[in-house]
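Computation of the quantities below employed the complete heavy-atom set of this structure, encompassing side-chain atoms and omitting hydrogens, waters and symmetry-equivalent molecules.
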Amino acid sequence: MLSIKNPLFIKRTLCSSLHLQPIRRVSIKTTIISDKDAEKSNDVEFITHPLFPHPVFDQKDCESIEVTHREPRTIGDKIAHNGILFFRSSFDLVTGYKKPHTPEQLAHGFKGTRYEMTAGKWLTRCIFLESVAGVPGMVAAFLRHLHSIRLLKRDKAWIETLLDEAYNERMHLLTFMKIGKPSWFTRFIIYVGQGVFCNIFFLVYLMNPRYCHRFVGYLEEEAVETYTHMIHDLDANKFPELNKLNVPEIAIQYWPKLTKESTMRDLILRIRADESKHREVNHTLANLDQKSDRNPFALQVETDKPQPENGLKVTRPEGWERSDIVLSNEK
């Protein structure tokens with residue numbers, strides 16, 4: 001029998017009178033969007049042709065992308081590289097990610113620890129990284145645009161490539177948004193992070209654009225390494241829920257050679273190839289005279305020497321040295 005002095009009786013009475021509901025945990029994880037839900041959210045009403053058509057990347061070229069690193073040579077290079085290492089280590093600590101350094105760590109993936117990756121953690125990482133990576137190109141293009149119209153001078157094609165880079169990174173983000181639904185916490189971090197990073201990058205680019213391009217070059221090195229790790233996990237079928245997903249419609253329309261039969265691995269291969277190209281472009285731009293040199297990736301000249309291009313056939317992952325680039329029409 002329950003008496004009014006019984007704690008259980010008091011608890012039941014209070015809960016029934018106040019209509020208390022069990023406390024629900026608020027998830028801060030990114031959830032995978034099913035193919036059925038993804039089809040419902042396709043923006044077919046607003047689809048337009050890409051402003052910057054994506055170059056054709058062959059499967060073989062995408063597979064051949066490697067993790068590389070340009071050793072810092074100047075004080076500015078060292079500052080840029082150490083800055084990237086600091087931001088990456090901070091982000092890794094918060095998100096529970098640890099870069100594997102040995103084959104054993106790569107194979108086991110820190111299983112049973114807070115650093116064990118899940119499909120949701122991978123999507124959170126990709127969404128956050130792409131939201132950051134889309135900032136530098138747009139900020140740099142904006143400042144160079146103002147500089148051009150203020151001084152009534154041509155920009156020698158830098159703006160075009162920088163806008164293309166920003167557009168490409170945004171397409172990465174939009175694609176991942178069709179695969180995973182980020183939590184309120186991830187959205188909040190992106191909101192704050194963009195405000196801080198965008199303003200810092202804006203101010204630093206005004207003072208030293210060369211340093212900023214080197215910084216982005218090192219950022220893209222980390223992106224290539226991250227996506228290489230993700231591809232390894234997909235190959236090992238650690239996340240079958242990702243492997244079985246269809247490639248989003250927005251990705252099929254943007255990347256040439258992606259079809260409805262393409263796999264998630266095919267998509268990540270092309271995203272990694274994009275990041276490798278940004279790595280090459282920004283390391284190259286950091287080697288050039290920021291005021292007088294042309295952008296060799298957009299404004300090309302006729303020559304018999306190998307020169308930078310937008311594709312993957314002729315590449316130098318650590319950037320083209322200024323002495324290797326033909327900067328005028330003279331052969």
Side-chain angles (χ1 to χ4, degrees), residues 48-55 70 74 76-77 79-80 130 132-173 194 197-220 223 254 274-303 305-312 314-331:
T48 59
H49 296 292
L51 179 62
F52 297 95
H54 195 285
R70 178 189 174 93
T74 66
D77 290 354
I79 294 175
E130 296 300 346
V132 172
V135 171
M138 185 59 69
V139 171
F142 170 68
L143 287 174
R144 287 188 173 275
H145 169 75
L146 293 182
H147 183 269
S148 177
I149 61 178
R150 182 171 63 250
L151 299 182
L152 309 178
K153 294 173 59 177
R154 296 288 297 275
D155 187 63
K156 298 190 178 180
W158 285 57
I159 295 175
E160 178 182 338
T161 293
L162 293 171
L163 286 176
D164 189 3
E165 177 183 313
Y167 184 89
N168 178 257
E169 299 287 11
R170 179 173 171 271
M171 289 302 298
H172 293 178
L173 178 60
Q194 184 188 92
F197 178 64
C198 182
N199 283 284
I200 292 177
F201 193 87
F202 178 92
L203 294 174
V204 177
Y205 201 92
L206 283 173
M207 297 182 288
N208 195 333
R210 184 191 302 275
Y211 163 81
C212 290
H213 286 297
R214 187 70 73 206
F215 179 89
V216 177
Y218 286 128
L219 173 65
E220 301 296 356
Y254 179 61
D274 289 341
E275 305 296 3
S276 73
K277 201 64 193 178
H278 300 326
R279 172 185 63 187
E280 176 189 1
V281 168
N282 280 278
H283 276 319
T284 300
L285 295 181
N287 293 336
L288 302 180
D289 187 301
Q290 305 295 298
K291 295 182 178 180
S292 61
D293 287 345
R294 67 178 177 87
N295 168 22
F297 294 94
L299 187 59
Q300 299 177 342
V301 298
E302 294 184 5
T303 178
K305 296 175 59 178
Q307 292 292 286
E309 61 170 33
N310 291 323
L312 299 176
V314 181
T315 63
R316 294 193 182 178
E318 297 176 15
W320 294 71
E321 298 300 327
R322 189 173 186 272
S323 58
D324 297 328
I325 301 175
V326 179
L327 296 172
S328 66
N329 284 314
E330 297 179 2
K331 293 186 179 180

How long is the straight-line distance from OG1 of T161 back to CD of E165, given to the nearest 0.5 Å? 9.0 Å
Is the side chain of E309 donor-acceptor paired with the backbone N or O of A298 at a distance under 3.5 Å, no angle test? no
Tell me whether the count of non-hydrogen atoms from other residues, nucleotides or ligands lying under 6.0 Å of NZ in K305 goes above 12. yes
Is the shortest heavy-atom distance from the side chain of N295 to the side chain of K156 under 4.5 Å? no
Can you check whether L285 reaches L162 side chain to side chain, under 4.5 Å on heavy atoms? yes
Value for CG (D155) from CG (L146), rounded to nearest 0.5 Å, stands at 11.0 Å
For R154, give me all partners under salt bridge (Lys or Arg N to Asp or Glu O under 4.0 Å), at least two apart in sequence or on another chain. none
Please report the interatomic distance CG(D274) to NE2(H54), rounded to the nearest 0.5 Å. 3.5 Å
Distance-minimising heavy-atom pair for A166 and G137: CB-C, 4.0 Å
Quiz question: by atom type and distance under 3.5 Å, do the side chains of D77 and Y218 form a donor-acceptor pair? no
Find the distance between NE2 (H278) and CD (E169) and round it off to the nearest 0.5 Å. 4.0 Å
Find out whether F52 and L163 are in side-chain contact, i.e. whether some heavy atom of one side chain is under 4.5 Å from a heavy atom of the other. yes
So, do Q307 and V314 sit near enough that their side-chain heavy atoms are less than 4.5 Å apart? no
Taking all heavy atoms of P296 and all of R294, pick out the closest pair and write down the distance. CA-NH1, 3.0 Å
Side-chain contact, heavy-atom cut-off 4.5 Å: Q194 with V135? yes
Does some side-chain heavy atom of M138 sit less than 4.5 Å from a side-chain heavy atom of R170? no
Where do Y167 and L51 come nearest, in terms of heavy atoms and distance? OH-N, 3.4 Å
Give, for atom CG of N208 and atom CZ of F215, the distance between the pair rounded to the nearest 0.5 Å. 13.0 Å
Expected output: side-chain K277 to main-chain G311 donor-acceptor under 3.5 Å: yes
Check the pair E280, W320 against side-chain contact (heavy atoms from CB on, under 4.5 Å), reporting the backbone distance first and the verdict last. CA-CA 8 Å; E280 176 189 1; W320 294 71; 2.7 Å; yes
Could you state the interatomic distance from CG (L312) to OG (S276), rounded to the nearest 0.5 Å? 5.5 Å
Salt bridge or not between R70 and E321? Use side-chain N to carboxylate O under 4.0 Å. yes
For the pair R210 (side chain) and L288 (backbone), establish whether a donor and an acceptor sit closer than 3.5 Å, ignoring hydrogens and angles. yes
Applying the side chain to side chain donor-acceptor pair (under 3.5 Å) criterion to H283, which one of E220, R316, R214 satisfies it? R214
For N282 versus G217, what's the shortest heavy-atom pair and its separation? CB-N, 3.7 Å
Among residues two or more places apart or on two chains, list those pairs meeting side-chain hydrogen bond (donor to acceptor under 3.5 Å, both in side chains) that have a residue in residues 133-153. R144-Y205, R144-Q290
Under a 3.5 Å distance rule, please check whether W158 uses its side chain to pair with a backbone N or O of D293 as donor and acceptor. yes
Taking side-chain contact (heavy atoms from CB on, under 4.5 Å) as the criterion, tell me which of T303, T284, N287 meets it with I325. T284
